[in-house]
2 protein chains.
Amino acid sequence: MTTTLKNKHDAILAAALDLFADNGFHCAPISQVAAMAGVGVGSIYRYFKDKDELVHAVFAKVDDSLLQSITTSKDPTLSGRCEFIHLVTALIHYLDTHPQEYKFFEQYYNSPYGLENKRAKFLQENIADKSNPFLNIFSDNKNCLRQDLTLPVYLAMTFGPVSFLLRESLSGLVTLDEAMIQQTAEASWNAIKA
Amino acid sequence: MTTTLKNKHDAILAAALDLFADNGFHCAPISQVAAMAGVGVGSIYRYFKDKDELVHAVFAKVDDSLLQSITTSKDPTLSGRCEFIHLVTALIHYLDTHPQEYKFFEQYYNSPYGLENKRAKFLQENIADKSNPFLNIFSDNKNCLRQDLTLPVYLAMTFGPVSFLLRESLSGLVTLDEAMIQQTAEASWNAIKA
DNA sequence: CCTAGCGGAATGAACGTTCAGTCAGTTTCT
DNA sequence: AGAAACTGACTGAACGTTCATTCCGCTAGG
């Protein structure tokens, strides 16, 4: 029934997230996803046309929950600097405490799967739509930021260090504590502030 | 002859680099590598025990040429800030003009293949050996740098933005020009300077 | 009893790897 | 010197495995 159907659908997505994140797309056979989801192999093809569609569905779900988690923690009374640091630390916290999601993102964006989405996000970013809170900060605080830098540099100085640190953390090479996260966010701000 | 042998060896490495970079490890079959190298499939197994060994051999070669290209361009008379910016711009230039090498690095480090090497590099970094010129800058300019930041944060603020920008450049979302590269290097320095 | 949802064996394509045969070059024999 | 035997790098068809996808028999709810 609908409830059963929904549950299987979600079970498949959850299992796929775990296995894709841990093993990569090509080392996570559908049979394994089915086994972990407690579902027959054939059932996966009832819910998803093929493996590609499953991958994109997992991305859509994970992307959605990340965006929600980041945007809900926003506080509009803060200064630009505080808002920025708050947002960066929230992002790092979310991804560091959701390693499966982060590992999936890395896999996805570094594969042909993610290219179209990446392009779409970037175009979104250029028109500064409301779905990316960082872009609002950049445009709301133009006077606090170095004017000679272009948007790609803002993005590089913001997301580059985040991505780098999270990778090291996931590899077990670094343990992220409150201080290190705070320092990274501050350093990012120092990199782009006027 | 020896020359023939050397040439086939190199031809296989070159073909493997191209195909691994463009298609990823699992979408670059040995048969295709052999075809592009102008070599029989079986010959690859004369030079490399298996596909894994081939992957690691490609990495060793690429890693070596990157390190050489970066270190030879070093100028010890410069100030810490200039030296840092010089090194960062050299790194970006090399990787942006060697997209196959960069794409291979990304693939390699984001896969089980790269984990051990990554760990090894990181441990090397902690003992500040001479093979990584960035570490020398960090240790030679302690007084110019923010003392509250730890090494992982230095590394994140240095390599994170580089990695981010190169990815955008390779995706065709950004065209890196001299100004943008310079600005990124400067911003990285501003992030970590005292 | 029927039907929609389900499971997992079956299928075929693609892959990494192997191995028996080929052949150019070298050595040995007459 | 010429022929015969040998050597080993080289090849690609063949093998076994793994995977995504299909398909048909089964089950449970109505």
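Sequence lines set the chain letters: A, B, ... in the order given, protein chains first and strands last, and positions in each chain run from 1.
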Item to check | Rounded interatomic separation in angstrom, taking OH from A:Tyr47 and P from C:dG7 | outcome: 8 Å
Checklist entry - Taking the six-membered ring for Trp, are the ring centroids of B:Tyr108 and B:Phe20 within less than 6.0 Å of each other? => result no
Checklist entry - Which nucleotide sits closest to the side chain of A:Ile30: D:dA20, C:dC6, D:dT11? => result D:dA20
Checklist entry - With distance as the sole criterion, is a donor-acceptor pair present between the side chains of B:Tyr102 and B:Asp96 under 3.5 Å? => result no
Checklist entry - Can you tell me if the side-chain N/O atoms of B:Lys8 get under 4.0 Å from OP1 or OP2 in D:dT11? => result yes
Item to check | Distance, rounded to the nearest Å, where A:Tyr45 contributes OH and C:dT11 contributes C1' | outcome: 13 Å
Checklist entry - Expressed in angstrom and rounded to an integer, what is the separation of A:His9 atom NE2 from C:dC6 atom C1'? => result 16 Å
Checklist entry - When you measure from the side chain of B:Arg46, which nucleotide among C:dG16, D:dC10, C:dG7 comes out closest? => result D:dC10
Next on the checklist: From C-beta outward on B:Pro29, which listed nucleotide comes closest to its side chain: C:dC15, D:dC10, D:dT22?
Outcome noted: C:dC15
Checklist entry - Rounded to the Å, how far apart are B:Ile44 CD1 and D:dG12 P? => result 12 Å
Next on the checklist: In whole Å, I'd like the distance from the CG atom of B:Asp52 to the P atom of C:dT17.
Outcome noted: 7 Å
Next on the checklist: Taking the basic N atoms (NZ, or NE/NH1/NH2) and the acidic carboxylate oxygens, is any pair closer than 4.0 Å for B:Glu186 and A:Arg146?
Outcome noted: yes
Item to check | Closest nucleotide among D:dC10, C:dT17, D:dT11 to the B:Lys51 side chain | outcome: C:dT17
Item to check | Protein-nucleotide distance (A:Glu53, atom CD; D:dA20, atom P), rounded to Å | outcome: 15 Å
Next on the checklist: Whole angstroms only, please: what is the CD-P distance between B:Gln32 and C:dA13?
Outcome noted: 19 Å
Next on the checklist: Using a 3.5 Å distance criterion without hydrogens, assess whether the side chain of A:Ser69 forms a donor-acceptor pair with backbone atoms of A:Ser65.
Outcome noted: no
